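Within every chain, numbering begins at 1; the chains are lettered A, B, ... in the order of the sequence lines, protein sequences first and strands thereafter. Note that this is a predicted model, so its numbers are computed, not measured. Below, each value reflects all heavy atoms present in this structure, side chains not excepted, and no hydrogens, waters or symmetry copies.
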Amino acid sequence: MVVTDQLVDLVRAGLESLVAAGSLPAESVPEPSFERPRNREHGDWATNVALVVAKGVGKPRDVAQALADAIEPSGLVESVEVAGPGFLNFRLSPAWLHDVVRRAALSEGFGRSTKGAGRKVNVEFVSANPTGPINVVSGRHAAVGDTIASLLQATGHEVIREYYFNDAGRQMLLFGASVGARYLQHFGRETDLPEDGYKGDDVISIAHMIAEQIGDSMIEAEPAKLAQRMLELAWPPILENTKRSLERFGTRFDVWFSESTLHERGQVTAAIDKLREKDLIEERDGAVWFLSSRLGDDKDRVVIRSNGEPTYSAADLGYVVNKFSRGFDRLIYLWGADHHGTVARFMAAVEALGFDRSSVEVPLVQIVSLVRGGEQIKASKREGVYVALDELIDEVGVDAARYTFLTRSIDAPLEFDIDLVKEQAPENPVYYVQYAHARICSILRKAIDEGHQADASTAPLDALVHPAEDELMRKLASYEEVVPEAAERRAPQRITHYAEELASTFTAFYRDCKVVSDDRTLTAARLALCVATRVVIADALGLLGVSAPERM
RNA sequence: GCGCCCGUAGCUCAGUGGAUUAGAGCGUCCGGCUACGGACCGGAAGGUCGGGGGUUCGAAUCCCUCCGGGCGUACCA
């Protein structure tokens, strides 16, 4: 049982006995919460529960003292004292830290919880249209979405990673027309790119590829037919490249979801009909409108244009119904902050379609701005301005790239200076963390060579009394708080920061405590601590999708 | 105008209700390699947590307001 749960039980029992004695009203008993005090003089764990219940009952310190007296002694708790305005500070026996070391070293679900057990979550991220190579902006989304998904799995959720792609519709036909223009140019025809068309050079190479495949058979085709045909030929190989790049980047999706299948199955129309039944649909100016303003949106939104084509957000209606029909309890849509203006409309649709708004969340990843040659450039696929994810991987490697994306909060805009990132790649903190891991592996190899055993289940952990050992054990213990918090807050950066702290704490231990020595008891204990640290570093890096090398 | 995000050390950023020492990396300055891996380590300088008001026993953290920056505000996505 995790130590905080045991403490909660102890304190709850104490509170209940105060209620039974009449010194606390029954309705004022909250779930006690525990935290690790920053200052070590304040004990191992502290709760503010007395401050919370004291309101209208008495002085916080008096309540705290009464509660401290009411808490039954146990083998776990060495002392409970009242401090500051009314905190209860707990000092624990060394056994809890030893338990941490053993559980971590033996990999028995350390850092895992079952909080989300039985909950099925869909995490949809990246979802870039297959109009060209996947870029670094998508790279940030891939790293973040993948890690959020891993964190949810670590807290017991069943998770599906999903990629939604556009293979139809106005925007994609524009892309098809752009490819068509390049196709015609390939055969020497004088043709301009469509206005707002896709201007990137990669469109040229796609057109060349198609030209080799089908020859000049389409050069006399009607523009609309040409665009449609080019689109059909272009997107599948582009999507394949996207899959390959993302897999190379360590991100694997469970489901690749095609927008056009929603239309083919009539799910978009069905969703609109459902809104119509609720009188949330109106025809105006020849278009069909969703009256989203009745549900918190700024204004109503078109779902079917006056030319009869559904809008992209109409597909979203069918898609959310489709997702829920697959049995998910929660949908997470990781969107770019430049789409935040559509969140209100989307949430209005969720409600209108009969779903609970609180079961859908849309974390927004702030924009990535590109800097190249000291100048800020606006990344745009249509303008052909971007840095390809493959290029980033080639230059700095997967580990450094992912790690960089995962050190920042999703709320922080990311300035991506491609020159600077390449230059600073060797100084990336990821190597500090990986180095600590490799160093531990090296120590363990040496110890085993010399006939020592690294068996945490039998190691005499009482021998660990040095302050640096104590610090390291405490840092390991906090992993069990960090993972659920990172998961709940959708905050991968908590894991990167923790990994650096753990590596740094280990390095201090390494400096002060020689692991392998003639003292076999002490060596056995320290080896167990090393194993525990190695496991936790590897686990944290694993959540981030970063490798944990045994040698560097 | 309205909406969302941001404003913390010279720079890039963590910390988002807890304890009169607010942290890290980089940069700057000083010092350290005869131990299991120096991709390192120790120390120093550097902060009105954008300004003001409020809530609270307690605020960088919550609320209001102002200032500054980014993004959005389409029958594009």
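- We find that OH of A:Y163 is positioned 17 Å from P of B:A77, with the value rounded to whole Å.
- Considering only the side chain of A:Y510, B:G38 comes nearest among B:G38, B:G18, B:C41.
- Nucleic acid contact class of A:A508 (heavy atoms, under 4.0 Å, all strands): none.
- Counting atom types as modelled, A:H340 pairs a side-chain N or O with a base atom of B:G3 as donor and acceptor under 3.5 Å.
- Picking from B:A74, B:A24, B:A14 the nucleotide with the shortest atom distance to the side chain of A:E500 gives B:A24.
- Using modelled atom types, one side-chain atom of A:H437 and one backbone atom of A:P549 make a donor-acceptor pair closer than 3.5 Å.
- On a pure distance criterion of 3.5 Å, no polar donor-acceptor pair joins the side chain of A:Y432 and the base of B:G25.
- Taking the side chain of A:S306 as heavy atoms from C-beta on, and the options B:C75, B:G38, B:A14, the nearest nucleotide is B:C75.
- No cation-pi contact links A:K475 to A:Y479, judged by a cut-off of 6.0 Å to the six-membered ring centre and 45° from its axis.
- Spacing between atom CD1 of A:I281 and atom C1' of B:C75 amounts to 14 Å, rounded to whole angstrom units.
- The 12-atom threshold is not exceeded at CD of A:Q453, counting heavy atoms of other residues, nucleotides or ligands nearer than 6.0 Å.
- Ranking B:A77, B:C75, B:C6 by closeness to the A:D411 side chain, first place goes to B:C6.
- The side chain of A:V515 has B:C36 as its nearest neighbour among B:A14, B:C36, B:G37.
- The side chain of A:R439 lies closest to B:G37, out of B:C71, B:A19, B:G37.
- Residue side chain A:N89 reaches the base of B:A19 through a donor-acceptor N/O pair under 3.5 Å, judged by distance alone.
- Judged by distance alone, the side chain of A:R526 and the main-chain N or O of A:K514 form a donor-acceptor pair under 3.5 Å.
- Interface remark: the A:T311 side chain does not form any donor-acceptor pair with the B:C75 base, using a distance-only criterion of under 3.5 Å.
- A:T342 comes within 4.0 angstrom of a nucleotide base, judged by non-hydrogen atoms across all strands.
- The aromatic rings of A:W45 and A:F34 stand perpendicular to each other, their planes meeting at an angle above 60°, with 30° marking the opposite boundary.
- For A:R489, counting side-chain heavy atoms from C-beta on, the closest listed nucleotide (B:A39, B:G17, B:C5) is B:G17.
- Using a 4.0 Å heavy-atom distance criterion, A:Y431 is classed as a base contact.
- Using a 4.0 Å heavy-atom distance criterion, A:A438 is classed as a base contact.
- Sorted by first and then second residue, the pairs that involve residues 439-452 of chain A and meet salt bridge (Lys or Arg N to Asp or Glu O under 4.0 Å), not counting sequence neighbours, are A:K446-A:E450.
- Counting atom types as modelled, A:D338 pairs no side-chain N or O with a base atom of B:G72 as donor and acceptor under 3.5 Å.
- Residue-to-nucleotide contacts include a donor-acceptor pair under 3.5 Å from the side chain of A:H339 to the base of B:A77.
- The side chain of A:S409 approaches B:A14 more closely than any other nucleotide in the set B:U16, B:A14, B:G18.
- Side-chain contact annotation: A:D300 with A:S292, donor-acceptor N/O pair under 3.5 Å absent.
- Proximity note for A:V516 (side chain, C-beta onward) versus B:C36, B:C75, B:A14: the nearest is B:C36.
- Checking B:C41, B:C57, B:A19 against every side-chain atom of A:L51, the shortest atom distance belongs to B:C57.
- Rounded to whole Å, the distance from CG on A:N428 to C1' on B:C13 is 14 Å.
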### RNA chain B base-pair string [pairs: Watson-Crick or G-U under 3.5 Å; |: paired with another strand]
(((((((..((((....[....)))).(((((.......))))).....(((((..]....))))))))))))....

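- Between B:U48 and B:C2, the two C1' atoms lie 32 Å apart (nearest whole Å).
- Separation of the A:Y333 and A:F346 ring centroids falls under the 6.0 Å cut-off.
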